Amino acid sequence: MRSDELVGQVRAFLAEHAPATTERLEFLRARFDAGLAWVNFPQGLGGMDLPRDLQPVVDGELAAAGAPDVPLPRVGIGLGMAAPTMLRHGTVAQLRRWLRPLWTEEEVWCQLFSEPGAGSDLASVSTRAVREADGDWVVDGQKVWTSTAHEAQWAVLLARSDPSAPKHEGLTYFACDMSAPGVEVRPLRQITGEAEFNEVFLTGVRIPDAHRIGEVGQGWQVARTTLMNERVALGGDPVPRGDGMIGLVVRKWRARPELRTAAGRDALLRLWVAAEAGRLTAQRLREELAAGQPGPDGSAVKYANSHLNQEISGFELELLGDEALRYDDWTMRRPSRRDWRERTSGYRYLRARANSIEGGTSEILCNVIAERVLGLPREVAG
Amino acid sequence: MISLRYSDVEDELRASVRRVLADRAPWQAVLARVESSDPYDTGLWQTLAADVGCAGLAVPQDRGGAGGSYREAAVVAEELGRAVAPVPHLGAAMATAALLSGQDCGLLAKAAAGEVLAVLALPLSTRPGAGLPGTVTADGERLTGAVGGVADALPADLLLVPANGGLWAVSREAADVSEVISLDMTRPLADVTLAGARATRVADAAPAVAAALLAGTVLLASEQLGIAEWCLDATLAYVKRRQQFGRPVGSFQAVKHRLAQLWVAVTQARATARYAAGCLAEGDPDTAVAAALAQAHCGPVAVQAAEQCVQLHGAIGFTWEHPAHLYLKRAKADAIALGTAAHHRDVLGDLLTIDR
């Protein structure tokens with residue numbers, strides 16, 4: 001389909017669902033049903049089987065007409081990770097049940113992967129899934145570092161279904177209803193003082209076999225789809241030059257001449273160069289993906305961005321000096337959104353430490369790049 | 001939006017240049033030549049400039065060129081960097097850019113066709129925007145003075161010399177051009193002395209030199225990308241093959257992580273070099289930022305890649321008989337050529353109003 005034909009379809013949709021007079025949720029549901037949610041998804045599942053790079057055509061038309069905002073594509077656990085995983089490994093019935101409320105954000109998703117004993121070595125998860133006589137499953141175990149678990153209706157869950165099999169072969173992947181009996185969510189306070197994450201205790205949680213995603217014993221392959229998409233999501237969407245953390249510090253530099261030193265200027269420009277190089281690299285990766293060329297792993301972008309954020313946020317404290325010694329709030333609270341721009345420099349510095357740990361540590365990402373992109377041999381069989 | 005990918009035409013051009021270089025400039029040949037009395041491979045340059053058409057890529061057809069663009073010229077620079085080929089492409093490209101900025105004087109078409117090798121007589125370390133050296137003066141049509149550390153002057157037919165606000169063409173025979181023992185053996189420098197040399201004014205110096213330095217910084221970034229790519233590829237091949245403790249040294253995490261980080265840096269260098277070439281090709285208003293960014297990023301990446309190449313090859317990488325040193329010397333010299341990374345960061349600060 002050409003982009004002008006697509007524009008015609010969007011306009012026809014807008015004629016039937018005027019944004020000014022249509023309630024937000026109703027509009028979003030209708031948009032999904034019209035195939036305008038994510039055009040690269042299949043027909044009947046919010047899309048039209050079109051190339052991903054036609055999505056901005058839709059978004060631009062809808063924004064110009066004042067349509068209600070939707071979350072950015074590829075951001076968030078539901079849109080960014082659960083949805084692409086289901087699309088690849090789920091059944092049609094599962095896709096029909098879960099995708100629409102996921103996209104409209106009526107149902108929030110979280111990810112029950114990491115455990116106290118299974119971090120980088122994720123395939124060693126020990127949460128047990130035992131199959132009952134009726135074919136359904138009973139799950140027991142403990143998960144950790146679970147963002148948004150306290151808001152989520154659903155979780156993607158990786159559990160061990162066969163302890164006697166080799167560790168990568170004994171896993172099965174499920175969708176877990178977070179309101180089911182036996183699911184307990186406890187906040188996990190982090191170094192910033194707040195709690196984005198949770199510990200999740202699963203005690204005798206019953207999961208219908210219809211909520212299994214992929215085959216029994218194929219959980220690791222399914223989880224890899226999620227992790228790959230997590231790294232793409234963390235690698236970021238298109239941003240204009242001077243946005244994000246570097247933009248914030250540059251604006252501070254411009255507004256506060258009294259903070260400037262020659263050494264500080266060169267340090268800031270080093271960071272600007274690194275940020276812009278990273279931004280162009282992500283742009284080039286997206287161009288390659290849009291052209292259908294299998295670009296290198298998004299791991300590289302995620303790796304570079306996390307270290308850059310850490311360096312920029314560390315620089316900001318040194319630039320501010322005395323002021324950086326004051327923190328705004330250590331109260332244990334639940335951040336409702338990522339409000340890092342409004343917090344103190346110390347918050348940004350501390351929060352950025354997680355960037356090189358969450359979604360695969362930098363050390364694991366270096367292994368991934370070395371082995372899958374550069375073809376270097378594995379160090380040990382694991 | 002500037003495309004950061006390589007087009008099919010660019011890929012084909014790359015393949016033909018790489019074929020020529022594989023045939024004519026394998027590293028053993030490069031090493032032998034740089035130790036000879038004739039360090040530039042003028043025959044190879046003739047093939048590339050005239051037969052493959054590299055000399056006129058950035059020159060429009062109506063001015064005697066091939067009607068390509070700086071995007072293609074940058075791809076050629078990448079390949080020449082990969083091969084550390086001892087050819088005067090940087091000097092030629094800068095002189096062509098200088099001539100292109102002015103009125104036609106008959107020289108541009110000859111340079112674009114590879115018939116005449118003209119080279120801008122400026123020190124290789126000249127920093128864009130830092131003013132002209134002013135060490136040569138014109139008296140009528142006679143030039144007197146000296147310019148030190150000029151790249152690609154040794155094989156040149158013509159020198160383009162800035163003096164008294166003009167850019168002057170001086171025949172190679174009218175100048176004293178003496179070879180310097182250079183850090184970068186594959187691009188040896190020369191000291192140029194003029195004693196009342198007969199000259200013809202071909203352009204105004206300031207816009208011509210500015211255009212030459214801008215094109216030079218953009219192409220140099222792609223050359224640096226090519227150097228870094230070769231160093232990464234050669235090191236990867238070596239650590240997969242080299243066995244110690246009963247396994248390939250490339251299986252050790254200390255080695256793998258360095259190479260993964262280097263790969264990330266090279267991937268970023270490619271994006272910045274492509275962006276700069278695309279901006280220059282399209283006359284984008286962001287070209288000055290793109291060029292300074294590419295230089296601030298690619299210079300250090302090429303040095304990092306060459307240093308890691310020596311280190312990860314172990315002792316063999318420190319020997320004369322291994323090509324790593326040719327790349328290390330080129331990379332380090334390139335990091336100083338046309339302004340260091342620190343200079344380009346300073347330029348960026350001014351362009352971006354990140355004030356002092």
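Owing to the predicted nature of the structure, the values given are computational and were not obtained by experimental measurement. Proteins come first, then strands; the chains are lettered A, B, ... in the order of their sequence lines, and each starts at number 1.
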Is the count of non-hydrogen atoms from other residues, nucleotides or ligands lying under 6.0 Å from [X] atom [atom1] greater than 12?
X         : atom1 : value
Lys240(B) : NZ    : yes
Trp145(A) : CH2   : no
Tyr349(A) : OH    : no
Arg127(B) : CZ    : no

Need one label for [X]: side chain, backbone, both or neither, based on atoms under 4.5 Å from any heavy atom in chain A.
X         : answer
Val255(B) : neither
Leu352(B) : both
Phe252(B) : both

**Request:** Determine, for Arg265(A) against Asp350(B), whether the closest basic-nitrogen to carboxylate-oxygen distance falls under 4.0 angstrom.
**Result:**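 Result for this pair is yes, salt bridge flagged.
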**Asked** Can you tell which of Ala277(A), Ala304(A), Gly264(A) has the highest number of heavy-atom pairs within less than 4.5 Å of chain B?
**Response**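 Looking at each of Ala277(A), Ala304(A), Gly264(A) in turn, Ala277(A) comes out on top.
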**Item:** Under 3.5 Å side-chain donor-acceptor pair for Tyr303(A) and Gln261(B)
**Value:** yes
**Prompt:** Can you list the steps and then say if Arg284(A) with Thr267(B) is a side chain to side chain contact (heavy atoms under 4.5 Å, CB included)?
**Reply:** CA-CA 9 Å; Arg284(A) 187 165 192 277; Thr267(B) 305; 5.9 Å; no
Got a second to check how far [X]'s [atom1] is from [Y]'s [atom2], nearest 0.5 Å?
X         : Y         : atom1 : atom2 : result
Leu374(A) : Asp233(B) : CG    : CG    : 9.5 Å
Lys256(B) : Glu363(A) : NZ    : CD    : 13.5 Å
Ser362(A) : His257(B) : OG    : NE2   : 9.5 Å
Thr281(A) : Arg274(B) : OG1   : CZ    : 13.5 Å
Leu4(B)   : Glu287(A) : CG    : CD    : 4.5 Å
Leu376(A) : Gln253(B) : CG    : CD    : 11.5 Å

**Request:** Could you go through the side chain to side chain contact (heavy atoms under 4.5 Å, CB included) check for Leu269(A) and Asp346(B) one step at a time?
**Result:** CA-CA 8 Å; Leu269(A) 283 159; Asp346(B) 191 41; 5.7 Å; no
**Request:** Give the minimum heavy-atom separation between Asp355(B) and Trp253(A), together with the two atoms involved.
**Result:**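 Answer, listing the atom of Asp355(B) first, then Trp253(A): O-NE1, 2.8 Å.
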**Request:** Start with the C-alpha gap between Arg270(A) and Arg345(B), add the side-chain angles, then the distance that decides, and say whether side chain to side chain contact (heavy atoms under 4.5 Å, CB included) holds.
**Result:** CA-CA 7 Å; Arg270(A) 273 178 198 273; Arg345(B) 286 195 295 273; 3.0 Å; yes
Among [options], single out the residue with the greatest number of heavy-atom pairs under 4.5 Å to chain A.
options                         : result
Ala342(B), Ala260(B), Ala269(B) : Ala260(B)
Ala265(B), Gly250(B), Ala341(B) : Gly250(B)
His297(B), His344(B), Arg258(B) : His297(B)

Less than 4.5 Å to any heavy atom of chain B: does that hold for the side chain of [X], its backbone, both, or neither?
X         : value
Arg279(A) : neither
Arg251(A) : neither
Val250(A) : side chain

**Message:** Could you check whether any side-chain N or O of Arg254(A) sits under 3.5 Å from a backbone N or O of Thr353(B), counting only pairs where one atom can act as donor and the other as acceptor?
**Reply:** yes
